[in-house]
Peer 1: 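Before I ask anything, let me first share the structure, which is written out below as C-alpha cells.
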Amino acid sequence: MIAFAKKNPLFTTCILTLVLQTVLIVYYGFNGFYGQDSYEYLHITRSLNLFYTNGTQPDYTVYPIMYPVICSLFNFFISDTFFAMQLVSILSTLFAIVLISKIITLLTSDNRYRFLYILLFLVLSPYVLRFSIIAMSDMLCITFWLATYYFSLRFSINRKPSALWLTALFAGLAVATRYPAVVLLLLPAWICLKTIIRQKKYVLLLGVVIVILATTVPDYIIRQRIFFWNVNSEGADLSYHFFAEQFRVINLFKNNFMNLDGVQQYPFPNIVFVFYHLFHPAFIFCGIILLWGLRKKENRTSDFTVIVIVLVLYSLFIGCNPYQNNRYLLFAFPLVLFIYFL
C-alpha cells in the first residue's frame with residue numbers, strides 16, 4: 001500500500017480526499033445544502049430541468065447560470081438532484097487538486113513535496129473541505145479558473161493555439177459560474193497576451209473573443225443574458241446593478257455596513273479581512289505545520305510577482321464590497337498556495 005502511494009501520489013491524494021469527504025457526509029448525514037444560495041441553485045437547476053422537458057421559462061434570478069446548467073446535466077444520469085449537485089462540488093475539488101499539482105510542476109522544478117503540501121494546505125484546509133461537500137458553485141468556479149491558468153501556462157510554453165482556445169473556454173466558463181472570477185483571470189490573460197505579442201499573432205485574439213462568447217450561449221438562450229448583462233429587445237443593463245451601487249473604495253476601511261442583508265458589524269475593517277487567507281487557521285490550519293519549514297527562494301521568477309499582484313488586486317476588489325464573506329476569499333486561495341510554495 002505504501003509502495004503504491006509513493007508511485008501514485010496524485011491518485012492517492014485524490015482518493016484520500018474522496019474518503020475524507022465521504023466520511024464527513026456519512027457521519028453528519030449532510031446532503032450538501034447549506035444557506036440560501038444552495039437552495040436557490042436547487043431551484044434554478046429544477047427550473048432548467050423543466051425548461052429542457054417542456055420549454056417552461058425559468059424564473060428570473062441574478063445568479064450565474066453555469067453551475068445549475070452542469071448540475072442539471074448531471075441530473076440526466078443521477079435522478080437525485082440533491083446528490084447530483086453535491087457530487088459536482090466533490091468532483092470539482094478532485095479536479096482542482098490535479099490542476100494545482102500540474103500548475104506547480106510548470107511553475108517550478110523544485111516540486112518534490114508538492115503532494116504533501118497540497119494535502120496539508122488544500123485538502124485539510126477547513127474552508128476548502130467544507131465547501132468541497134456543499135452544493136454551491138465555489139469549487140466548480142475554482143476548478144474552471146485553475147484550468148484557465150494551467151492552459152495559459154501551457155500556451156506560453158508550447159505556443160499551440162489549441163492551448164489558447166482551451167484557456168478561453170475555461171475562462172468563459174469560470175465567469176459564467178461566478179462573476180468575481182473576472183479579476184482572477186487577469187493572471188492567465190496577462191500570460192496569454194504576453195505570448196501573443198511576442199509571436200505577433202494578434203489574430204488569435206479574435207478567436208479568444210469568439211470562444212469566450214460561445215460559453216454565454218446557454219445563458220443567452222435561457223435568459224437572454226451575456227455573463228452579467230441582460231440583453232434583450234429593450235436594450236442591455238447590468239443584472240448585478242446593486243453591486244455597482246454599493247461598490248466603494250471607502251469600504252476597505254470600514255467594518256460596519258448597511259447592505260441587502262441589513263446592518264452588518266464585523267470585528268476588523270475590510271482591508272484586514274481580505275487577507276485572512278494568508279494566515280487564518282480556517283484556511284491554512286494544517287498547513288501551518290509546513291509554513292515555517294518552507295524554504296525561502298532568493299531568485300523567484302516573474303510568475304511569483306504576477307501572482308502576488310493579482311492576489312492583491314483581487315483582495316482590494318473584494319474589500320470594496322460592503323460584505324465580509326469567506327467564500328470570496330476561497331476563490332483566491334489557490335494563489336496563496338502558489339505564493340507559499342514558490
Peer 1: To the nearest 0.5 angstrom, please state how far the CD1 atom of Ile97 sits from the CG atom of Leu122.
Peer 2: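 Atom-to-atom, Ile97:CD1 and Leu122:CG are 5.5 Å apart.
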Peer 1: Can you confirm whether Tyr28 is buried at OH, in the sense that more than 12 heavy atoms of other residues, nucleotides or ligands lie under 6.0 Å from that atom?
Peer 2: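 It does not: Tyr28 OH has 12 such atoms or fewer within range.
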Peer 1: Between Tyr39 and Phe33, does the ring centroid distance fall short of 6.0 Å?
Peer 2: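 Ring centres of Phe33 and Tyr39 closer than 6.0 Å.
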Peer 1: Under 3.5 Å, is there a donor on one side chain and an acceptor on the other for Tyr63 and Asp37?
Peer 2: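 Present: a donor and an acceptor within the cut-off.
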Peer 1: Does a side chain donor of either Asn270 or Asn251 reach within less than 3.5 Å of an acceptor in the other side chain?
Peer 2: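 Looking only at side-chain atoms, Asn251 and Asn270 do not form any donor-acceptor pair under 3.5 Å.
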Peer 1: Considering all heavy atoms of both residues, which atom of Val249 and which atom of Cys320 are nearest to each other, and what is their separation?
Peer 2: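 What the structure gives for the nearest pair is CA-SG, 3.8 Å.
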Peer 1: Is the side chain of Ser38 donor-acceptor paired with the backbone N or O of Gly35 at a distance under 3.5 Å, no angle test?
Peer 2: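 Side chain of Ser38 to backbone of Gly35, a donor-acceptor pair under 3.5 Å: no, none is there.
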Peer 1: Can you establish whether the number of heavy atoms outside Lys102 located under 6.0 Å from its atom NZ is more than 12?
Peer 2: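 Atom NZ in Lys102 is not crowded, with 12 or fewer foreign heavy atoms closer than 6.0 Å.
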Peer 1: Within a strict 4.5 Å, meaning less than it, do heavy atoms of the Asn255 and Pro267 side chains meet?
Peer 2: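 In short, these two side chains do not touch, never coming nearer than 4.5 Å.
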Peer 1: Would you indicate whether Phe51, at its atom CZ, is surrounded by more than 12 heavy atoms from other residues, nucleotides or ligands within a distance under 6.0 Å?
Peer 2: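 Result for CZ/Phe51: enclosed.
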Peer 1: For Phe257 and Tyr323, I'd like to know if the aromatic rings sit close, meaning centre-to-centre distance below 6.0 Å.
Peer 2: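 They do not qualify: ring centres at least 6.0 Å apart.
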Peer 1: Tell me whether Ser89 contacts the main-chain N or O of Ser132 through its side chain, where contact means a donor paired with an acceptor under 3.5 Å.
Peer 2: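 Answer holds: no.
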Peer 1: Please tell me whether Tyr276 and Val312 are part of a single hydrophobic cluster in this structure, the criterion being side-chain heavy atoms less than 4.5 Å apart.
Peer 2: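 Looking at the clustering, Val312 is in the same group as Tyr276.
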Peer 1: When rounded to the nearest 0.5 angstrom, what is the spacing between OG in Ser109 and CD1 in Ile104?
Peer 2: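 CD1 of Ile104 is found 13.0 Å from OG of Ser109.
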Peer 1: Whether the side chain of Ser125 engages the backbone of Phe283 through a donor-acceptor N/O pair (distance < 3.5 Å, no angle test) should be reported.
Peer 2: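 Looks like yes, one N/O pair under 3.5 Å.
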Peer 1: For this output row, return yes or no: ring centroids of Tyr113 and Tyr117 closer than 6.0 angstrom.
Peer 2: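 Here the rings of Tyr117 and Tyr113 have centres that are no less than 6.0 Å from each other.
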Peer 1: To the closest 0.5 Å, what do you measure between CG (Asn54) and CG (Leu50)?
Peer 2: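 So the CG of Asn54 and the CG of Leu50 are separated by 5.5 Å.
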Peer 1: Compute both the distance and the angle, then confirm whether Arg130 meets the cation-pi test with Tyr34: under 6.0 Å from the six-membered ring centre, within 45 degrees of the axis.
Peer 2: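 So Arg130 does make the cation-pi contact.
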Peer 1: Check for me whether the distance between the ring centres of Phe74 and Phe83 falls short of 6.0 Å.
Peer 2: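 No, the ring centres sit 6.0 Å or more apart.
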Peer 1: State whether the side chain of Gln57 and the backbone N or O of Ile222 hold a donor-acceptor pair below 3.5 Å, judged by distance alone.
Peer 2: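 Yes.
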Peer 1: According to a hydrophobic-cluster definition based on side-chain heavy atoms being under 4.5 Å apart (Ile, Leu, Val, Met, Phe, Trp, Tyr only), do Leu16 and Val123 belong together?
Peer 2: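 No, separate clusters.
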Peer 1: Would a distance-only check, ignoring hydrogens and angles, find a side-chain to backbone donor-acceptor pair under 3.5 Å from Arg178 to Val175?
Peer 2: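 Between the backbone of Val175 and the side chain of Arg178 there is no qualifying donor-acceptor contact (under 3.5 Å).
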Peer 1: Are Phe341 and Phe338 close enough that their ring centres sit under 6.0 Å apart?
Peer 2: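 Ring centroids of Phe341 and Phe338 are no less than 6.0 Å from each other.
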Peer 1: Where do Leu204 and Gln199 come nearest, in terms of heavy atoms and distance?
Peer 2: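 For Leu204 and Gln199, the tightest heavy-atom pair comes out as CD1-OE1, 4.4 Å.
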Peer 1: Is the NZ atom of Lys201 crowded by more than 12 outside heavy atoms at less than 6.0 Å?
Peer 2: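 No, the 6.0 Å shell around NZ holds no more than 12 heavy atoms from other groups.
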Peer 1: Establish, from distance only, whether the side-chain atoms of Thr81 and Asn75 form a donor-acceptor pair under 3.5 Å.
Peer 2: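 Per modelled atom types, Thr81 and Asn75 side chains form a pair under 3.5 Å.
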Peer 1: Could you tell me how the ring of Tyr328 sits relative to the ring of Phe331: parallel (under 30°), tilted (30 to 60°) or perpendicular (over 60°)?
Peer 2: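 Tilted: the ring planes of Tyr328 and Phe331 meet at 30° to 60°.
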Peer 1: Is the distance between the ring centroids of Tyr266 and Phe273 under 6.0 Å?
Peer 2: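 No - the distance between ring centres of Tyr266 and Phe273 does not fall below the 6.0 Å cut-off.
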Peer 1: Nearest 0.5 angstrom please: Phe317 CZ to Leu186 CG, how far?
Peer 2: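 It is 10.0 Å, given to the nearest 0.5 Å.
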Peer 1: Tell me whether Gln324 contacts the main-chain N or O of Gly319 through its side chain, where contact means a donor paired with an acceptor under 3.5 Å.
Peer 2: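 Not a single qualifying donor-acceptor pair exists.
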Peer 1: Counting only N and O atoms by type, is there a donor-acceptor contact under 3.5 Å from the side chain of Arg223 to the main-chain atoms of Asp59?
Peer 2: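 Answer holds: no.
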Peer 1: Compare every heavy atom of Pro58 with every heavy atom of Leu48, then report the nearest pair and how far apart it is.
Peer 2: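 Taking every non-hydrogen atom into account, CD2-CG, 4.3 Å.
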Peer 1: At what distance, to the nearest 0.5 angstrom, does CE of Met139 lie from OG1 of Thr177?
Peer 2: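 Separation between the atoms: 12.5 Å.
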Peer 1: Can you tell me if CD on Gln265 sees more than 12 non-hydrogen neighbours from other groups inside 6.0 Å?
Peer 2: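 Yes.
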Peer 1: Search all heavy atoms of Ile142 against all heavy atoms of Leu330 and return the closest pair with its distance.
Peer 2: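 That would be CD1-O, 3.5 Å.
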Peer 1: For the side chain to side chain contact (heavy atoms under 4.5 Å, CB included) test, which of Val310, Thr195, Val306, Leu185 pairs with Trp190?
Peer 2: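 When side chain to side chain contact (heavy atoms under 4.5 Å, CB included) is applied between Trp190 and each of Val310, Thr195, Val306, Leu185, only Val306 qualifies.
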Peer 1: Is the distance between the ring centroids of Tyr127 and Phe333 under 6.0 Å?
Peer 2: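 No.
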Peer 1: Where do Thr216 and Ile226 come nearest, in terms of heavy atoms and distance?
Peer 2: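 Looking at all heavy atoms of both residues, the closest pair is CG2-CG2, 3.9 Å.
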